[in-house]
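Below is one structure, written out as structure tokens; the observations come after it.
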Number of protein chains: 2
Amino acid sequence: MIKHIHEFEINTMKLGEGVEAAIHCAAMLAGVEGNSTLAGAAMAEAFGLSPSYLLKHLNMLSAARILESVSGPAGGYRLARPAERISLLDIVLAVEGREPAFRCGEIRRNGPVRLDASAYVKPCGINAAMLKAERAYRAALAEAKLSDIVATYAAEGDPRSLAASCAFVERHQRPQKSSSTKQA
Amino acid sequence: MIKHIHEFEINTMKLGEGVEAAIHCAAMLAGVEGNSTLAGAAMAEAFGLSPSYLLKHLNMLSAARILESVSGPAGGYRLARPAERISLLDIVLAVEGREPAFRCGEIRRNGPVRLDASAYVKPCGINAAMLKAERAYRAALAEAKLSDIVATYAAEGDPRSLAASCAFVERHQRPQKSSSTKQA
DNA sequence: CTTATTGCGGATAAAAATTATCCATGATAA
DNA sequence: TTATCATGGATAATTTTTATCCGCAATAAG
């Protein structure tokens with residue numbers, strides 16, 4: 001392994017790659033018409049992702065009621081509600097889980113001197129500060145709606161990639177039978 | 001390993017355990033007097049951590065100029081600057097690295113249709129939204145100073161654990177020769 | 001009713017990151 | 001000189017993430 005002068009350690013607070021995939025898929029699904037669906041395999045192709053693994057993430061989104069799925073031929077996924085009511089936080093929590101990034105291990109208790117448990121009823125101040133920061137993070141993600149992402153993309157994105165994306169959706173979306181807006 | 005009825009997947013955006021250790025150590029170091037130091041092994045004992053691994057994290061803090069280290073017997077670590085000028089963000093970035101949690105893999109380019117690179121000069125809107133949220137996170141962490149943590153602990157923490165912590169520091173801190181406030 | 005397509009879930013495997021240990025080295029106080 | 005301690009590299013153990021596969025249920029179409 002080549003070590004340059006000072007090859008930096010890249011151990012970072014990290015979001016799984018599934019989040020990126022999930023958001024892109026959701027944004028793409030925001031472009032399908034009516035109650036049509038897009039197959040998971042089609043989206044995997046669109047982003048050059050492993051189909052079988054992407055399905056895992058899409059499944060999380062289904063479980064979280066962000067997407068709806070339709071089995072069978074002509075089946076696939078669609079948004080479970082309007083893009084205006086889906087936030088990036090919804091997606092991140094669905095894919096990455098609802099636990100905070102900072103988990104207090106209560107290591108303050110692990111020293112050689114064992115105090116009574118009652119000495120630790122007050123929450124750890126460090127934990128409190130970290131969770132407060134994470135609330136700010138989540139609040140910002142909650143503000144970001146999928147519809148904003150799509151609108152910004154349409155308004156500011158490059159026309160070529162927008163056209164390619166729309167063409168892809170047009171080509172792969174599949175109309176459904178049940179004609180009303182939707183049903184659980 | 002026991003699997004209960006529906007053992008939840010706990011895949012979460014995660015901060016390494018080293019962060020918790022690092023913050024606790026820094027908070028403890030805020031309690032040492034003058035330019036005295038605390039040995040890494042002592043802090044590992046205080047929190048029931050693996051000494052050799054904790055040293056790695058303390059080393060990161062040294063490299064980031066958050067801590068100073070003194071070699072030799074009676075050596076150890078101390079804060080490199082007053083606790084008022086050390087934020088939780090400083091510590092988190094030192095230990096976890098400076099990369100954002102969300103790394104845009106530009107998967108929008110990976111589809112079957114390859115557009116010219118010029119179609120992607122505009123940054124990905126998803127990436128922008130995620131980074132904006134992370135800025136909010138970091139801003140909150142930057143507000144949280146180590147001195148606040150310590151002060152809150154002194155004011156609101158349980159007297160017993162406070163006393164135990166102070167006693168530990170008293171017992172293990174080691175005065176240094178160079179008598180002025182400090183020197184790099 | 002049969003067939004083909006698709007999502008779902010479990011089992012499992014491969015790859016990568018995290019956590020942890022060990023040892024050689026240099027610094028330094030006693 | 002000796003003992004203590006931080007440093008850094010090498011390496012191992014463990015856990016998490018990523019990925020694949022297969023059988024199953026649902027369902028549209030013939």
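Every chain is numbered from 1, with letters handed out A, B, ... down the list of sequences.
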When the rotation axes relating C1' atoms of four end pairs to the next four are compared across the helix from C/dC1-D/dG30 to C/dA30-D/dT1, five pairs an end, they differ to 10° by 10°

Please list all pairs meeting ring-ring contact (aromatic ring centres under 6.0 Å, His included) that have one or both residues in residues 14-48 of chain A, counting only residues at least two apart or in different chains. A/His24-A/Phe47

What protein N or O atoms touch nucleotides 22-27 of chain C N or O atoms at under 3.5 angstrom, if any, and at what distances?
none

Measure from the side-chain heavy atoms of B/Ser69 and tell me the nearest of D/dA6, C/dT6, C/dG7. D/dA6

Residue pairs passing the salt bridge (charged side-chain N to carboxylate O under 4.0 Å, His left out) test where at least one lies in residues 153-165 of chain A, sequence neighbours excluded: A/Asp158-A/Arg160

Under the salt bridge (charged side-chain N to carboxylate O under 4.0 Å, His left out) definition, can you give me all pairs with a residue in residues 128-139 of chain A, not counting sequence neighbours? A/Glu134-A/Arg138

Of the listed nucleotides (D/dT18, D/dT7, C/dT21), which one gets closest to any side-chain atom of A/Tyr53? D/dT18

Kindly say if A/Arg174 contacts the phosphate of D/dA28, meaning a side-chain N or O under 4.0 Å from OP1 or OP2. no

Not counting sequence neighbours, list each pair that qualifies as a ring-ring contact (aromatic ring centres under 6.0 Å, His included) and has a residue in residues 109-154 of chain A. A/Tyr137-B/Tyr137

Not counting sequence neighbours, list each pair that qualifies as a salt bridge (charged side-chain N to carboxylate O under 4.0 Å, His left out) and has a residue in residues 31-60 of chain A. none

Partners meeting salt bridge (Lys or Arg N to Asp or Glu O under 4.0 Å) with B/Glu106 (sequence neighbours left out): B/Arg108, B/Arg109

Under the salt bridge (charged side-chain N to carboxylate O under 4.0 Å, His left out) definition, can you give me all pairs with a residue in residues 113-123 of chain B, not counting sequence neighbours? none

From D/dC5, C/dG9, C/dT21, nucleotide with atom closest to A/Asn59 side chain: C/dG9

Nearest heavy atoms of A/Asn35 and A/Gln176, plus distance in Å: O-CG, 3.1 Å

Residues in ring-ring contact (aromatic ring centres under 6.0 Å, His included) with A/Tyr77, at least two apart? none

Which ones in residues 16-28 of chain B lie close to DNA chain C, meaning a heavy atom under 4.0 Å from one of its atoms? B/Gly16, B/Glu17

For residues 143-151 of chain A, dump all side-chain donor-acceptor pairs below 3.5 Å to protein atoms at least two apart in sequence or in another chain.
| from | atom 1 | to | atom 2 | distance (Å) |
| --- | --- | --- | --- | --- |
| A/Lys145 | NZ | A/Ala142 | O | 2.9 |
| A/Asp148 | OD2 | A/Lys145 | N | 3.1 |

Between A/Ala74 and A/Ser50, name the one whose nearest nucleotide on DNA chain D is closer to the 5' end. A/Ser50

